[in-house]
There are 2 protein chains.
Amino acid sequence: METLRERKKQRTRDALLRSALELFVAQGYEHTTVDEIAESVDVSQRTFFRYFAGKEEAAFFLPRLTEAYYVEALRRRPPEEAPLEALRAAVLDSFDSIEQAIERYVPLELHMRAYKVIEATPVLHAAHLGRQSETEEEITRIVAEREGVDPDTDPRPRLLVALFGAVIRVTERHWSVGDDFGVAAIRDLTVAYLDQVGPALLGNWRES
Amino acid sequence: METLRERKKQRTRDALLRSALELFVAQGYEHTTVDEIAESVDVSQRTFFRYFAGKEEAAFFLPRLTEAYYVEALRRRPPEEAPLEALRAAVLDSFDSIEQAIERYVPLELHMRAYKVIEATPVLHAAHLGRQSETEEEITRIVAEREGVDPDTDPRPRLLVALFGAVIRVTERHWSVGDDFGVAAIRDLTVAYLDQVGPALLGNWRES
DNA sequence: TGTCAAATGTCAGAGGCTGACACTAGCCTC
DNA sequence: GAGGCTAGTGTCAGCCTCTGACATTTGACA
């Protein structure tokens, strides 16, 4: 962000993002119109659409960021690690670095509240799943490369990533209905759920 | 469907459904307008929206049906079965009964092609994932009840169902990019992927 | 300072979807 | 079988998301 022009752009986008999230949190995603968001930042509706491809994109700007951090964390894991272990460690790693990244845009709590709006709004939740599904495709390629297998032939990378993603989503969902807005809460839940994968798949629950 | 009135309604809805799927398959979901669908059946746009809550709902009418069949098949599994085994057997069971159910509405091949459109259209795929996520909630309750555990306390039912759903989705995705439109192909793929869950979760792939 | 390009605004319009109201056509009773 | 009732349909007006086209403003930079 060198020139004045670029700084202005940045400020406009940040303001739009922040206003959008605040409005979503305050009055719900569906009850917030793009006109409202634009007006609250004093730009035209058209300008909003030049910064965000759609209303959804405003809601997903920060989730996108955190996913990028996760992918980055995964790329950094040592190649000797077993695949599942690398996926798990990357999640825990990324939790740390993400907080500051978020704060560059909005207060962490606003982000957390917005995240709960995503989980609670069916159309947003669906879009969220769709995006995650795309991310999983990227992660699949990373895992396959780590292990030196072909993801189009060997089903294991895609399957492992899908299974892992399922655990993450159950965790997010569980977190989203709770009252704890902190990152530590998600972290603990993630570990707890990952540890339950074995028992869940076990044949007989009634003997335990 | 006793009265003439009811028969007419049924015919209108069936015609709308069929026209919609045909248009989606022929020219793509996004390039098909509701006006087009309505016009091809010679009713007003408003009438379309009285039969389907939205354009999406037309695309998901049959997937909804097949999911209902799956849930029903699961309910019928003997209670002694281990949970994962019941989920697996229910999928295979339901494949049989679904074909005829579909044919009551449209030719099976049209349905299969429409299904590929869902998988290939991002906005539909996302909505599909959202709906599946809701179905998983229902399945979770069924599994929890079978096993006599509380799904709000014990993480295993929800986790198992999420993991199982992940395998199903990978299977669907794989099938959707292939050229085989038959049901047998999905069935075989399902079995193959389910058998890979263990190996995928296994620590080290390089030793095998 | 004047030129160029980037950013924004304005306008028109497509497409999804909804509420309100009028009208048409099966249904049911007498 | 005529007439009242009501479910189903059409019409219309309007909101909201999103896009293309064109005009206008405002930094950047020689």
Side-chain angles (χ1 to χ4, degrees), chain A residues 1-17 19-21 23-24 26-61 117-118 121-128 130-131, chain B residues 1-17 19-21 23-24 26-61 117-118 121-128 130-131:
Chain A
M1 62 199 91
E2 264 301 316
T3 72
L4 167 60
R5 201 179 251 171
E6 276 168 336
R7 265 175 288 140
K8 266 194 163 181
K9 254 177 76 176
Q10 193 99 358
R11 250 182 287 148
T12 305
R13 197 202 48 187
D14 291 358
L16 281 171
L17 174 61
S19 265
L21 297 188
L23 287 167
F24 294 162
Q27 54 190 27
Y29 174 76
E30 319 224 63
H31 293 84
T32 303
T33 68
V34 173
D35 287 293
E36 256 178 306
I37 302 169
E39 196 178 354
S40 77
V41 179
D42 215 66
V43 297
S44 71
Q45 188 215 51
R46 196 66 181 84
T47 293
F48 173 90
F49 283 112
R50 282 198 251 260
Y51 282 99
F52 300 98
K55 207 170 85 170
E56 272 183 18
E57 286 310 300
F60 288 130
F61 183 85
V117 172
I118 292 176
T121 308
V123 53
L124 280 185
H125 183 236
H128 186 48
R131 291 181 337 89
Chain B
M1 61 201 90
E2 264 302 315
T3 72
L4 166 60
R5 204 180 247 168
E6 275 167 337
R7 264 177 288 139
K8 267 194 163 180
K9 254 176 75 175
Q10 192 99 357
R11 250 183 287 148
T12 305
R13 198 202 47 186
D14 290 357
L16 281 171
L17 174 61
S19 265
L21 296 189
L23 287 167
F24 294 163
Q27 53 190 19
Y29 175 76
E30 320 222 62
H31 293 85
T32 303
T33 67
V34 173
D35 288 291
E36 256 178 305
I37 302 170
E39 197 178 353
S40 77
V41 180
D42 214 67
V43 297
S44 70
Q45 188 214 51
R46 196 64 182 84
T47 293
F48 174 90
F49 283 113
R50 284 196 250 260
Y51 282 99
F52 300 98
K55 207 169 83 170
E56 273 183 16
E57 286 309 301
F60 289 129
F61 184 85
V117 172
I118 292 175
T121 309
V123 53
L124 280 185
H125 183 235
H128 186 48
R131 290 181 338 89

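Lettering of chains follows the sequences in order, A, B, ..., and the numbering in each one begins at 1.
Closest heavy-atom contact between H31(A) and E36(A): O-OE1, 3.5 Å.
Side-chain atoms of S40(B) come within 3.5 Å of backbone N or O of I37(B) as a donor-acceptor pair.
Near DNA chain D, meaning a heavy atom under 4.0 Å from it, residues 26-40 of chain A has T32(A), T33(A), V34(A) in order of number.
The distance between atom CD of E2(B) and atom P of dC27(C), rounded to the nearest whole Å, is 10 Å. Counting to the nearest Å, the P atom of dA7(D) and the CD atom of Q10(B) are 18 Å from each other. Rounded to an integer number of Å, the gap from CZ of F48(B) to C1' of dT11(D) is 19 Å. For the pair Q45(B) CD and dG15(C) P, the computed distance is 11 Å after rounding to whole Å. Rounded to whole Å, atom P of dA14(C) lies 16 Å from atom NZ of K55(B). Note: CZ (F49(A)) to P (dA12(C)) measures 18 Å, nearest angstrom. L4(B) places its CG atom 12 Å from the C1' atom of dA7(D), with the value rounded to the nearest Å. Separating the CD atom of E56(A) from the C1' atom of dC16(D) is a distance of 14 Å, rounded to the nearest angstrom.
The OG1 atom of T47(A) sits 12.0 Å away from atom CZ of F52(A), with the distance rounded to the nearest 0.5 Å. Going from atom CG of D14(B) over to atom CZ of R7(B) covers 13.5 Å, rounded to the nearest 0.5 Å. Atom CZ in R50(A) sits 12.0 Å away from atom OG1 in T12(A) (nearest 0.5 Å).
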Practice task
For the pair K8(A) and L4(A), evaluate side chain to side chain contact (heavy atoms under 4.5 Å, CB included) and give the outcome as yes or no after the intermediate values.
Solution key: CA-CA 6 Å; K8(A) 266 194 163 181; L4(A) 167 60; 4.3 Å; yes

Completion exercise
Under a 4.0 Å heavy-atom criterion, the protein footprint on nucleotides 3-8 of chain C, written with B, S and -, is --BSSB

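Listed by chain and number, the residues in a side chain to side chain contact (heavy atoms under 4.5 Å, CB included) with E39(A) amount to none (sequence neighbours excluded).
In this structure, Y29(A) and F24(A) have perpendicular ring planes: the angle between them is above 60°, well past the 30° mark.
Looking at heavy atoms from C-beta onward, E57(A) lies out of side-chain contact with Y51(A) at the 4.5 angstrom threshold.
Taking 3.5 Å as the limit, the base of dG19(C) and the side chain of R46(B) contain a donor-acceptor pair of atoms between them.
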